[in-house]
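Just below is one structure, and these are the notes that go with it.
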Amino acid sequence: MPRNCMKESSSPKENEIFLWRMDLPNKERRSPENSPSSSRRCCSSFKMFLVALSFAYFSKALSGSYMKSTITQLERRFDIPSYLIGVIDGSFEIGNLLVIAFVSYFGAKLHRPKIIAIGCLLMSLGTFLIALPHFIIGRYKFETSIRLSVNSSSSLSPCSLSSAEPSTSSVPSTGCEHESRLSMWIYVFLGNILRGIGETPVQPLGISYIDDHALEENAAFYIGCVQTISVIGPVFGYLLGSVCAKIYVDIGFVNMESISITPGDARWVGAWWLGYLIAGFITLLSAVPFWFLPKSLPLPERRLSKYSPERNSFIKDSALLEHKYQADEPANFLEMAKDFLPTLRSLLGNPVYFLYLCVTIIQFNSLIGMVTYKPKYIEQHYGQSASKANFLMGVINIPAVALGMFSGGVIMKKFKLSIMGAAKFALGTSLLGYFLSLFFFSMGCENASVAGITMSYNGTESLFMADGSLRASCNAACHCPEKNWDPVCGEDGLTYVSPCLAGCRTSHGSGMDTVFEQCSCIGVGNQTATAGQCNNRESCHRIFPYFLALSVITSFIISLGGTPGYMLLIRCIKPQLKSLALGFHTLTTRTLAGIPAPIYFGAIIDTTCLKWGHKKCGGRGACRIYNTAAYRIAYLGLTLGLRTVSFFLCILGLLVLRRHVQKQERSTMVNGGSAAAGELQALRKEENNSCNSEQCPQNTDYDPERETRL
């Protein structure tokens, strides 16, 4: 290549960059990495990485969604309130918080596939640790007045038994002292932290690896596919939760004929531990492929010939030499550490990125709180079992989200949405979903009729007494314990907290077939009651299908903007900051949304509880029944209120982005557009003159289109 083409006024550094560009075609011809067989290997490795990353996304999403499907099971098994379940759920984000900034920054300079593999191993260990308490804790014992022996023919008198001696549930068991010293939920808490640490490298390093080695017009489609797989994972997670919730917690160790409660009972605990063992094994398998993937891949053969009209001017020519020699230089951790804070300061100085960060923090608070407690909302508000609630979440709601995210990626690829187009599309879908969600307030459901809590004993007056006295003239002679929750359904359609509080004198049968008779508080018919709560909320059953339909529609519409919004995050930053930006975004959203949202959502939901269970060693346990009207207002009001606040920042961010894009367009057209295009054309002429198009592969380590564009 002639060297007299260099300008005399150019600096030595600019001349070095210019000469290196001129030498690229010759170096490509000499490099064995650019042979056809190498290209085929590159394509094969990239496809393998896509499959492996999709499976890793699937496994982490499966275990994460299974965790959310078991919140009511964990509440009842460990006798803890909702806010403490929020602490356990937020511990996953605490694990992320511990390492995500360093993994995202240093991991981008190391072997990304192997770091992802290590993360999958840690996730698997954490999932197994969550299941550990089941194998070291005693058998589950629930409050009941029903005779457990199916062979017994003796008559049980709840009222006379309660007046003569204390209930068995009120007497501390022999294991009470040991249980008070060690709370078993701590193992679940620590296991979820370990899961969070292991999940840290999967998203930032995986997405940046795809964006580094895929053509720009295909990157959105590939990321959309991976994100879609990650949404399919919760389908199987919730289905697994549905299956395990039907199985009794101590299956195989107890006589199931002696179990007097059903999956719809507030005391039922499913085999929550079984799903964690299955999820842990799947996560362990997802680590295997990453050990066989290379640190980096050659760029695609086809180079794009046109500059984007929205190309920004972030990239400096010095990045060429940095990219050229980066693979040959060993990572110096001390130098990288010194550069961390200035790099982070540069990232947060981007106004578009900063506003995007604020919006997603608020919206993630709304989303995480809503998703965490949605199965419980379906259970408590519409009277569904935990198994059915999880099944509906997995079969109906989650597929709508997956379809929406995939469709968003397809729309962005088909219409070649610019960064402004992606921002407007994401905002429009979010607003439409928000307005549709307001209709959830009209889909109310009446409270269950429970004597002494939501209804007077004569059934004529509505009450809302939280842990008030359950005594009445009809049961005053029984001296019943009021802390127990052992509901029976009276012949009058009212649910009574226990057979004793219903004033029942005799009973016959066993297990679920037990019938209580001579109940003084039941003033109709034969004065009988059967085990379990009454299921007479007809209006709830009628409105529930409409709730499901609206839930599917809003989930699909909101998730349409998921992939365009994610690409907005990637395209508004410098390429060398991609891993750090993705990691810091994940760090802040999980720290300021993933950790606090389940806690304060759970605490607010706890305020709507009308009847608390009690631990066998004393103290408040899990809630047995909620004020459904207050629950609906608290749950939906908090969810939609947070999204309302986020829209004000969305509008501000859109204005800043528009001004920034217009400024970049003018800068490109006036200062650098013609010069850059002329230089690119000259380079291509030189390449065509120096080699044959059939013999000279068009693959280089520098691709102008790899620059981040606005």
Side-chain angles (χ1 to χ4, degrees), residues 66 69-81 84-85 88 128-152 156 161 165-191 240-241 243-278 280 385-387 481 483-487 498 510-514 531-532 612-624:
Y66 183 76
S69 75
T70 59
I71 61 170
T72 54
Q73 313 295 317
L74 296 176
E75 278 185 27
R76 297 167 186 172
R77 185 64 185 96
F78 301 113
D79 267 326
I80 53 179
L84 203 50
I85 280 292
I88 293 174
F128 289 136
L129 181 59
I130 292 175
L132 181 62
H134 172 75
F135 301 97
I136 59 179
I137 198 173
R139 301 285 171 254
Y140 175 58
K141 295 180 177 62
F142 54 88
E143 304 158 321
T144 183
S145 302
I146 297 175
R147 184 172 53 250
L148 301 181
S149 174
V150 296
N151 297 322
S152 175
L156 180 68
L161 174 65
E165 59 183 272
S167 172
T168 56
S169 63
S170 64
V171 178
S173 66
T174 56
C176 182
E177 183 180 351
H178 173 71
E179 182 178 328
S180 64
R181 291 199 304 265
L182 180 62
S183 297
M184 289 293 127
W185 62 265
I186 294 295
Y187 290 97
V188 183
F189 178 82
L190 295 176
L240 181 61
V243 172
C244 293
K246 286 182 179 179
I247 305 172
Y248 187 65
V249 60
D250 293 322
I251 185 72
F253 297 95
V254 297
N255 180 10
M256 292 304 298
E257 293 182 355
S258 68
I259 303 303
S260 59
I261 55 177
T262 64
D265 195 288
R267 295 163 293 172
W268 176 271
V269 175
W272 59 273
W273 52 273
L274 181 60
Y276 286 110
L277 295 180
I278 297 173
S385 68
S387 176
K483 293 183 178 181
N484 291 354
W485 176 258
D486 186 19
S498 70
S510 62
M512 291 304 299
D513 297 326
T514 302
W612 288 98
H614 291 269
K615 300 179 181 180
K616 60 183 179 180
C617 300
R620 196 171 71 176
C623 184
R624 301 306 188 190

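Keep in mind that this is a model prediction, so the values were computed, not measured.
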### Minimum-distance pair of heavy atoms, taken over all atoms of A386 and T72
CB-OG1, 4.0 Å
### Task
Could you grab the distance from atom CG of L74 to atom CD1 of I88, nearest 0.5 Å is fine?
6.0 Å
### 4.5 Å side-chain heavy-atom contact, D265 and F142
no
### Task
Please confirm whether the backbone N or O of A266 pairs with a side-chain atom of R76, one donor and one acceptor, at under 3.5 Å?
yes
### Query
Going from CD1 on I71 to CG on L84, what distance comes out if it is rounded to the nearest 0.5 angstrom?
12.5 Å
### Query
If you round to the nearest 0.5 Å, how far is OH of Y187 from CZ of F78?
11.0 Å
### Message
Ignoring hydrogens, what is the shortest heavy-atom contact between V249 and W273? Give both atom names and the distance.
### Response
O-NE1, 3.0 Å
### Message
Between Q73 (side chain only) and G270 (backbone N and O only), is there a donor and an acceptor less than 3.5 Å apart?
### Response
yes
### Message
Please confirm whether the ring centroid of Y248 lies under 6.0 Å from the ring centroid of W268.
### Response
yes
### Query
Is there a donor-acceptor pair under 3.5 Å between the side chain of D79 and the backbone N or O of G613?
no
### Task
Side-chain contact test, heavy atoms from C-beta onward, threshold under 4.5 Å: evaluate it for R267 versus D486 and give yes or no.
yes
### Query
What are the two closest heavy atoms between V188 and P133, and how far apart are they?
CG2-CG, 4.2 Å
### T70/Y276 under side-chain contact (heavy atoms from CB on, under 4.5 Å): CA gap, chis, key distance, verdict
CA-CA 10 Å; T70 59; Y276 286 110; 2.9 Å; yes
### Task
Specify whether W185 and F189 have parallel, tilted or perpendicular ring planes, treating 30° as the upper limit for parallel and 60° as the lower limit for perpendicular.
perpendicular
### Task
Hey, could you give me the CG/OH distance between L274 and Y66, rounded to the nearest 0.5 Å?
6.5 Å
### Closest approach of G264 to S385 (non-hydrogen atoms, all atoms of both residues)
CA-CB, 4.1 Å
### Task
Report the residues that fulfil disulfide (SG to SG under 2.5 Å) with C244, sequence neighbours left out, ordered by chain and then residue number.
none
### Distance, nearest 0.5 Å, that separates CZ of R77 from NE2 of H134
8.0 Å
